[in-house]
Amino acid sequence: MQTISKILEIKFRRAFNQLDIPEDSPILLVEASKPEFGDFQINGVMGIAKKLKLNPRDLAQKVIDNVELSPEISKLEIAGPGFINIILDDNYLATYISNLNHENRFGAQLQMGKTKTVVIDYSSPNLAKEMHVGHLRSTVIGDCLASVFEYMGHKVIRQNHVGDWGTQFGMLIAYMIERIDDGTFEHDISDLEEFYRKAKVRFDEDATFADTARRYVVILQNWKNEGTEGEKVHNYWVSFKNASLEHCQEIYNKLKIKLTHEDIAPESMYNDALDNVINVLENKHLINVSNGAKCIFFADGELSGGETTPYIVQKQDGGYLYSTTDLAAIDYRVNQLKGDRVLYVVDARQGFHFKQLFIVGEKAGYTTKDTSLEHVAFGTMTNEDGKPFKTRTGGTVKLIELINEAVIRAKKIVLERNPDWNESDREYLANVLAIGAIKYADLSKNRESDYIFSFDKMLAFNGNTAPYLMYAYTRIQSLLRKLYLARSSFDVFDFAPDVLPVHGVAYQKHQISSSLSMEVRIDEEFFKQTKIKLTEKSEHKLALQLANFSDCLYMTAKECYPHYLCQYLYNLSVNFMQFYESCSILRAESMEIKNSRILLAHLTAQIIKTGLGLLGIETVERM
RNA sequence: GCAUCCGUAGCUCAGUUGGAUAGAGUGUCAGUUUCCGAAACUGAAGGUCACAGGUUCGAUCCCUGUCGGGUGCACCA
């Protein structure tokens, strides 16, 4: 069993072969651009006709004559200058989506084919400071992509390449020790930003302090040989890092980001490998010394511009740079972790650096022909004037503040909508909505363009937003709940006997005692005994969209574009709403159709929930 | 200066190796609740795809140029 688009492609390729059309001619099978053009369309015939100097409509007709319709296709039509429109057979489509379920990941497993190892570098905050809004996109986009790859059956290795190295840390440790000595140090370092600011002030105003700070950096680098002071400085460094990582983890927990301690691969991890990076480059005669710095220069055309800027791997004072670390990281990710695709979810402004890095990495021999290093670039987050997102005074906005603000606003809205709810339910919903809104607003836009952040727009609760998708889901769940009679307060339900023939199950996902998180599911027996029947147009449309889930995931993963998945889920929800408005379920004309529609609704809910889950967005059962 | 990304409806955005009459949402206006959740659905209006050439059956997409904007370019990360 394969995706419908793949099956159609094979069918048409066979027809092409019978007409002696070269194997490398593209079929160009795509989803129909408009409903009146059917379900799929073939765009390739016109190009081929031109190449072979044939009349495109005649060729299209010949192709159609050679395609075996049954059982997938109900009708083929020639349209315009030589398009072929494909209308799928209702029975076939119905059977196809009947086979979509959790076990085969709604068809996504079909794409597994070759399992790849995907290394994803994302989030990667600097531990010297608290996470700020600039870290949001990398964190959210990277986490989504990791989930998608995993869901499709690939092996995913997350790499949180946190910044725990560099001159700032000498300064921070010096300040930390100073505070400990005068007894004013707080061990949790509750406000890292403030701590950094004060350390910087000390660094700038006091030359002795600055010298100490610089000395600590050197000590840190060689601490194993620096005796007890080295050990002391090293230990403070470790404890500072841990404090900072706790801040990060707090954010990850709030945002439901899957990163854990296991995924942390700090810059310092590569320290011992840096000498060797230089050796490798030198052995390959790639290094030139310029102004005392070790550089790699590029040949004309190698970078398609910007070749005059060298890639510096060692400063004149002997120190290494992030460019050196990044090379060591390539070696590790490709040769230790065995990554087939190595993704860097990093700001687009670092595009030039990655362009250079990947070329040098290849020259150094760290990559193979089969490895793909990819800069998954994203644009800058701006305010509503299109300017970088800053506080009124021009400072950086802490990520935690942005999250809290979104929750506060969501709470207000929930209170207006559901004044009769209890406090804990409202709070729970507000959290899910706020986090979902933040993530969806980001993920639903093409990651490569700059993105205007607006609380008002993302919390608008209508249109292409997380709340709309969540609403579609709750509407279906509400419908399914109606099909059950409550037997006890929360956990077990019976089907109403005249509706469904078998037992259903309901269970609680979370520990909180609330119907918000009580999910109703239809059990396997019902699936087995119910046949989907597509009679109405809106049912056909919905079914087609359900069938295309795995194609959507495939494209999302291929291009690393989460907005493909968002667009898909939005369209699915719209299709469902239209179906829901035009086809009565509870009052369907027959039991057969009623049960079929219940299954359609159920399947829709499950795919919305799964899709949102891949975006990192939770669902609720009521809202 | 070189490089790079962008310019699509009032606003926010889609547009999958070049495909049919360029699509959504929002906002505006007009409809739809004795019926499964109106946080919904239906319809109308809204466009010189920045501009000018070129390539071809066909260009928002590819090429050239112009205008306007963002970003990056030697020892920070």
Legend entry - Short side-chain N/O contact from A:Y564 to OP1 or OP2 of B:A14, under 4.0 Å: no
Legend entry - Given B:G37, B:G19, B:G15, the nucleotide with the shortest approach to the side chain of A:N446: B:G15
Inset, instruction - Measure the distance between the ring centre of A:Y468 and the centre of the six-membered base ring of B:A39, then answer whether it is under 5.5 Å with planes under 30°. - result: no
Inset, instruction - Check every atom of B:A39, B:G37, B:A20 against the side chain of A:R417 and return the nucleotide holding the closest atom. - result: B:A39
Inset, instruction - For nucleotides B:U8 and B:G47, find the distance between their C1' atoms and express it as a whole number of Å. - result: 8 Å
Inset, instruction - Indicate, with yes or no, if the rings of A:Y322 and A:Y320 have centres closer together than 6.0 Å. - result: no
Inset, instruction - Figure out the CZ/C1' separation between A:F354 and B:C73, and round it to whole Å. - result: 16 Å
Inset, instruction - Could you run through RNA chain B and flag its stems, i.e. three or more consecutive Watson-Crick or G-U pairs with both distances under 3.5 Å? - result: B:1-7 with B:67-73, B:10-13 with B:23-26, B:28-32 with B:40-44, B:50-54 with B:62-66
Inset, instruction - Looking only at side-chain atoms of A:Y471, point me to the closest of B:G37, B:G19, B:C73. - result: B:G37
Legend entry - Stacked pair A:F352-B:A3, distance under 5.5 Å, angle under 30°: no
Inset, instruction - Measure distances between side-chain N and O atoms of A:S444 and base N and O atoms of B:A14, and say whether any donor-acceptor pair falls under 3.5 Å. - result: no
Legend entry - Distance-only donor-acceptor test, A:N571 side-chain atoms vs B:A14 base atoms, 3.5 Å: no
Inset, instruction - Side chain of A:R475 only, please: which of B:U12, B:G37, B:A39 is the nearest? - result: B:G37
